[in-house]
Undergrad: 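Dropping a structure here in structure tokens format, bear with me for questions.
Each ligand, and each atom within it, is numbered from 1 in the order the structure gives.
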Amino acid sequence: MKNLLVEIENLSVSYRTIMGEYQVLDKLNLSIGAGERISVVGESASGKSTLGHILAGMSPPNAKVEGSIKFDGDNILQFTEKRLTNFRGSKVFMIFQNPLNSLNPVKNIWHQLFETVRIRDAKNSIKSSEDDARKEVIAVLTDLRLPDPESILKRYPHELSGGQVQRIVIAMALILKPKLLIADEPTTALDVTIQAQFLDLLKKLNSDLGMSIIFITHDIALANSSSERLLVLYGGRVIELGQTENIIRRPMHPYTIGLVESIPAGTKNSSRLVSIPGSPPSYKHPLSGCKFHPRCAKILEKCDKIEPGMISVEDRQVRCWLYE
Ligand SMILES: Nc1ncnc2c1ncn2[C@@H]1O[C@H](COP(=O)(O)OP(=O)(O)O)[C@@H](O)[C@H]1O
Ligand code: SF4
Ligand SMILES: [Mg+2]
């Protein structure tokens, strides 16, 4: 492990709803090294975005959060609202599935990037002049190969393409230089070529600035090209965790095996949804035993009665009785 940046211990999250309270993350443990790239993969509703939001200090108001998340040694779950606001602007930055959610629809791009420079300056107790800020912003946009940056700055978010909006969001990250960037399905709205360019940009942020990156995706093929380590979520539980390359080469958990088998041969990037027979588990009617048992072809006698914990096997951890 490189220098430790984040240490998540026993993170559990439940949502309070009018239908009752249900748990969507269960005792999740994960350490993130400074400069590390980790992918979080799982089907829809497995809890990926919940993990991203909580880590980014954006806990939904109806969430009950337990455990601890130490960021640079401080537990962000105990931060006051003021400290959280500062944390969000300085240490962590989140890119959403719909990039437009990261931008303000009624302000032009210059306005928003200038504001970003101001936020960065405030935390460093400096104040760039408007001229200097403009020069910096244009340099960043040029570096991101956005043609005609002057004209882009005058436009509003809805006047840009999906790929351009994602680059503006990346520009914000380049200006803020957070220690951790969380990208939640950031390429879903992009076509395949732009998708590849975007993933290259994320890697550049990682290699040039040493930013740690959490890449959230439902597509294990994208995870493969984006990260050193892979965390597989199923029904709010980590079910496999290890080096991405090792897991893709030799998945162990029956669910991960299904995910890897669904990557079409010879395809590096796919944007399909994974399809494993059966449906994801329901949070409203939790199952006893292993949450994957109704869909598992390798089910053992005890699987529907007792839930396995994480088991250390060779180069990774797996939640499955087959490896006891
Ligand atoms: N604020 C919320 N209140 C109630 N339920 C929520 C809330 N946010 C997400 N959920 C539910 O929690 C589960 C996990 O959601 P999410 O973390 O968005 O999963 P994913 O990103 O893997 O699709 C889903 O069933 C979703 O409908
Ligand atoms: S614990 Fe049992 S049901 Fe669950 S994945 Fe392993 S073999 Fe299948
Ligand atoms: Mg999501």
Side-chain angles (χ1 to χ4, degrees), residues 8 11-26 28 39-56 58-65 94-99 101-102 182-189 214-220 222-223 231-241 247 251-261 273-274 276-311 313 316-324:
I8 307 174
L11 177 68
S12 294
V13 180
S14 306
Y15 286 120
R16 299 185 187 97
T17 72
I18 45 167
M19 309 288 284
E21 186 175 309
Y22 56 96
Q23 190 178 34
V24 298
L25 281 182
D26 185 60
L28 184 145
S39 289
V40 174
V41 73
E43 283 166 310
S44 174
S46 54
K48 305 182 297 295
S49 295
T50 299
L51 173 62
H53 285 116
I54 304 284
L55 250 181
M58 293 190 287
S59 180
N62 62 333
K64 184 173 118 194
V65 185
M94 184 149 180
I95 300 181
F96 299 96
Q97 182 160 359
N98 179 351
N101 287 347
S102 303
I182 301 168
D184 187 359
E185 312 235 19
T187 60
T188 312
I214 303 224
F215 181 73
I216 295 175
T217 178
H218 60 264
D219 188 342
I220 199 164
L222 283 184
L231 179 151
V232 186
L233 266 186
Y234 187 80
R237 279 145 179 85
V238 180
I239 54 116
E240 190 154 356
L241 175 65
I247 295 182
M252 287 185 173
H253 193 285
Y255 174 67
T256 320
I257 294 174
L259 288 181
V260 172
E261 281 175 353
L273 288 165
V274 294
I276 292 172
S279 352
S282 152
Y283 293 105
K284 283 159 195 149
H285 308 285
L287 291 168
S288 61
C290 168
K291 303 303 160 213
F292 189 61
H293 82 255
R295 302 168 80 180
C296 184
K298 298 184 176 168
I299 184 167
L300 308 170
E301 174 75 33
K302 63 178 165 188
C303 292
D304 62 350
K305 298 172 194 75
I306 313 168
E307 183 168 27
M310 289 299 273
I311 300 169
V313 198
R316 71 192 76 177
Q317 290 183 292
V318 193
R319 190 187 291 278
C320 173
W321 287 127
L322 292 173
Y323 303 97
E324 196 188 8

Undergrad: Among all protein heavy atoms, pick the one closest to atom 1 (S) of ligand 2 and tell me residue, atom and distance.
TA: Trp321 N, 3.3 Å

Undergrad: Using distance alone, decide if ligand 1 has a nitrogen or oxygen within less than 3.5 Å of any nitrogen or oxygen in Tyr22.
TA: yes

Undergrad: Looking only at protein heavy atoms, which one is nearest to atom 6 (Fe) of ligand 2, and how far off is it?
TA: Cys320 SG, 2.3 Å

Undergrad: When you measure from atom 7 (S) of ligand 2 to each heavy atom in Lys298, His293, Lys291, His253, which option holds the nearest one?
TA: Lys298

Undergrad: Against heavy atoms of Val24, which atoms of ligand 1 measure under 4.0 Å?
TA: 12 (O), 13 (C)

Undergrad: Determine the minimum heavy-atom distance between Asp184 and Ser49, stating which atoms define it.
TA: OD2-OG, 2.6 Å

Undergrad: Any nitrogen or oxygen of Ala45, side chain or backbone, less than 3.5 Å from one on ligand 1?
TA: yes

Undergrad: Would Lys291 and Glu43 pass as an ion pair if we require N to O under 4.0 Å?
TA: no

Undergrad: With a 4.0 Å cut-off on heavy atoms, does His53 reach ligand 1?
TA: no

Undergrad: Does the protein put a heavy atom under 4.0 Å from atom 2 (C) of ligand 1?
TA: yes

Undergrad: Taking N or O atoms only and a 3.5 Å limit, does Lys48 qualify as a polar contact for ligand 1?
TA: yes

Undergrad: With a 3.5 Å cut-off and no angle check, do the side chains of Arg316 and Tyr323 form a donor-acceptor pair?
TA: no

Undergrad: Nearest protein heavy-atom contact for atom 4 (Fe) of ligand 2: which residue, which atom, what distance?
TA: Cys290 SG, 2.3 Å

Undergrad: Is the closest N or O pair between Pro60 and ligand 1 shorter than 3.5 Å?
TA: no

Undergrad: Under 4.0 Å, heavy atoms only, figure out whether ligand 1 is touched by the backbone of Leu233, its side chain, both or neither.
TA: neither

Undergrad: List ligand 1 atoms under 4.0 Å from Tyr283, heavy atoms only on the residue side.
TA: 13 (C), 25 (O)

Undergrad: Starting from atom 18 (O) of ligand 1, locate the nearest protein heavy atom and write down its residue, its atom name and how far away it is, to 0.1 Å.
TA: Ser49 CB, 3.6 Å

Undergrad: Minimum heavy-atom separation for Lys298 and Ile257, please, with both atom names.
TA: NZ-CD1, 3.8 Å

Undergrad: Between Ile54 and Ile8, is a side chain to side chain contact (heavy atoms under 4.5 Å, CB included) present by the stated rule, with each step listed?
TA: CA-CA 11 Å; Ile54 304 284; Ile8 307 174; over 6 Å; no

Undergrad: Taking all atoms of both residues into account, what is the closest heavy-atom pair of Ser102 and Met94, and its distance?
TA: OG-O, 4.1 Å

Undergrad: Ser279 and Tyr234: which non-hydrogen atoms are nearest, and at how many Å?
TA: O-OH, 4.1 Å

Undergrad: At their closest point, which heavy atom of Gly47 faces which heavy atom of Leu25, and how far apart are they?
TA: O-CD2, 3.9 Å

Undergrad: Below 4.0 angstrom from a heavy atom of Asn62, which ligand 1 atoms are there? Numbered from 1 as shown, please.
TA: 1 (N), 2 (C), 3 (N), 4 (C)

Undergrad: So, does Gly47 sit close enough to ligand 1 that a heavy atom of it is under 4.0 Å from the ligand?
TA: yes

Undergrad: If you apply the rule side chain to side chain contact (heavy atoms under 4.5 Å, CB included), what do you find for Leu51 with Leu11, and how did you get there?
TA: CA-CA 9 Å; Leu51 173 62; Leu11 177 68; 3.9 Å; yes

Undergrad: Note the single closest protein heavy atom to atom 2 (Fe) of ligand 2, along with its residue, its atom name and the distance in Å.
TA: Cys303 SG, 2.2 Å

Undergrad: For atom 9 (C) of ligand 1, what's the nearest protein heavy-atom neighbour? Residue, atom name and distance, please.
TA: Tyr15 CE1, 3.5 Å

Undergrad: Do Cys320 and Pro254 have side chains that get closer than 4.5 Å, going by heavy atoms?
TA: yes

Undergrad: Suppose I only count heavy atoms of Thr17 and a 4.0 Å limit; which atoms of ligand 1 are within that range?
TA: 4 (C)

Undergrad: With respect to the Mg ion (ligand 3), please indicate if Ser49 possesses an N, O or S atom at a distance under 2.8 Å.
TA: yes

Undergrad: Does the side chain to side chain contact (heavy atoms under 4.5 Å, CB included) test come out yes or no for Ser39 and Phe215, once each step is laid out?
TA: CA-CA 5 Å; Ser39 289; Phe215 181 73; 3.7 Å; yes

Undergrad: Compare every heavy atom of Phe292 with every heavy atom of His253, then report the nearest pair and how far apart it is.
TA: CE1-CD2, 4.0 Å

Undergrad: Give the C-alpha distance, both sets of side-chain angles, the deciding distance and a yes or no for side chain to side chain contact (heavy atoms under 4.5 Å, CB included) between Val238 and Gln317.
TA: CA-CA 9 Å; Val238 180; Gln317 290 183 292; over 6 Å; no

Undergrad: Return the residue, atom name and 0.1 Å-rounded distance of the protein heavy atom closest to atom 8 (Fe) of ligand 2.
TA: Cys296 SG, 2.3 Å

Undergrad: Starting from atom 16 (P) of ligand 1, what is the nearest protein heavy atom, named by residue and atom, and what distance separates them?
TA: Thr50 OG1, 3.7 Å

Undergrad: With a heavy-atom distance limit of 4.0 Å, tell me whether Glu43 approaches ligand 1 through its side chain, its backbone, both, or neither.
TA: backbone

Undergrad: Is any side-chain heavy atom of Thr217 closer than 4.5 Å to a side-chain heavy atom of Pro186?
TA: no

